[in-house]
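Per chain, numbering begins at 1; letters A, B, ... match sequence-line order.
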2 protein chains.
Amino acid sequence: MKTNNPTRQAAVTTADKVFEQIQHAIVEGDIPSGSKISEPELAKYYQISRSTLREALNRLEKCHLIERKANVGSRVVKCSIEGLLELYITREALEGMACRQAAINMSNEEISEMQAMLKMHGQTQELKDGIAYYQEEGDLDFHYKVILGSHNKQLIELICGQLYHLIRMYRCQFGMNSPRASRAFDEHSRIIQAIADRDGELAEMLMRRHIAASRKNIENKISKEMTQQEQTKIQLIKS
Amino acid sequence: MKTNNPTRQAAVTTADKVFEQIQHAIVEGDIPSGSKISEPELAKYYQISRSTLREALNRLEKCHLIERKANVGSRVVKCSIEGLLELYITREALEGMACRQAAINMSNEEISEMQAMLKMHGQTQELKDGIAYYQEEGDLDFHYKVILGSHNKQLIELICGQLYHLIRMYRCQFGMNSPRASRAFDEHSRIIQAIADRDGELAEMLMRRHIAASRKNIENKISKEMTQQEQTKIQLIKS
DNA sequence: TTACTTGTAATTGTCGACAATAATACTTAA
DNA sequence: TTAAGTATTATTGTCGACAATTACAAGTAA
């Protein structure tokens, strides 16, 4: 599995390496969401000093995987439905704009590459008649390519450098194998078409709908999973 | 002048305090944009150890004011026209969405407060017939209130916690006293109206136009300041 | 029993020193 | 004179120890 994103340079220092290890552990849930982080304990586990560990923790904080309070300590970020929905809202804004910029700034070569990639994904999908592979790898690849295609360093840094780790964390922890795979593939096709047509406005709109559809899919799932009782319970709490 | 934003808790540790001091120095240009940061030098200047300084540097990196390379060191971020325009693009996406969410999630009390604030700003503006005060304080206050009104922690953290310092830096260093003050005031009024009407779609559109107008204002200014010769020079470089 | 206070243990923040890496200056050969 | 290679210097990364703060526990009074 591809764990590193193309925007970050390779980890050279030990703090970098430990950062990646802990990051992986948090994303995969090996270090539970919401749990407290003990600096001495983790430092001992990874055979490094506390200074080095704290350096790694700072990077984890940078991509919103842990939260620190002064003189109290660090906690792994707590996954919640509200947090997930907020993340989708943010993605819709940022990736929508990235898609618009991609339609303006991508080179013809980049567009050709993306079309080739999509074609390959389509074949793989046909082959496996399938959901899992495309959903995991292909979807991320597609979104990555679009974001990088914006040629906007600010957007790239925010989405690829910070938000995407959180997204992966939610995917792992909430086990998101949504049945939207084939529909998502069609949506991707239309988005690339809009980019190839240099239609930024349409490209943004399609990307926003694509992400909003995933969000609504989750919202529906949640409300279905709730029994009537639970819903009334929440109603009571809210009032 | 109000330097702290409402999202961050008060600085308790010395690293926090030094962080704020350096942050201020960078934003105001006392530490020049693009200059290299010497850890021993700065640590000596602020009378702290290098560990503490590095802690502060990590926070500065978090809000994109400095950039670090492994085994090489830190540099203050370099202000550029391209960077500024990219920042506006990002703001347009994030604050536009925040505005949409504000129209959905703000309480009636919050909306009333904002209307009162705007009224006050209007009077101050009339009084001074003026540009400077409203442009500096009022504009930031307005945008802050809208962002917080989104009630979306992710958006709030991204914009207020990270991008905002960069925005202030550009304002200081490029001396942005645009002549858009009175027009901006009208635009703010319409945005609040849309929020009060709970019209999220319109609110987002108006906020995006509001920010895009500032961006285009800058783009025009730049292309005007360029002489014909310089433009052809750039044309040559691009081709 | 409960609430408050005090004392202890553990955790985080800060420090100075050493190791590893990168930048610079110097030397030597062509 | 220039180029490459080497030695030196300076800077960053890492370490272990101490100080300050917080959390926990025991004890006391109501």
B/Glu41 atom CD: more than 12 heavy-atom contacts under 6.0 Å:
no
Keeping the roles fixed (side chain from A/Arg75, backbone from A/Gly34), state whether a donor-acceptor pair exists under 3.5 Å.
yes
Check this for me: does any side-chain nitrogen of one of B/Arg59 and B/Glu20 sit under 4.0 Å from a carboxylate oxygen of the other?
no
Does the protein touch nucleotides 12-21 of chain D at the base, only the backbone, or not at all? Give it as B, S and - per nucleotide, heavy atoms under 4.0 Å.
BBBBB----S
Describe, in one word, how the ring planes of A/Phe142 and A/His188 are oriented to each other, choosing from parallel (under 30°), tilted (30 to 60°) and perpendicular (over 60°).
parallel
If you draw a 6.0 Å radius around NZ in B/Lys36, do more than 12 non-hydrogen atoms from other residues or ligands fall strictly inside?
yes
note: A/Leu42, atom CG; C/dT12, atom C1'; distance rounded to Å ~ 14 Å
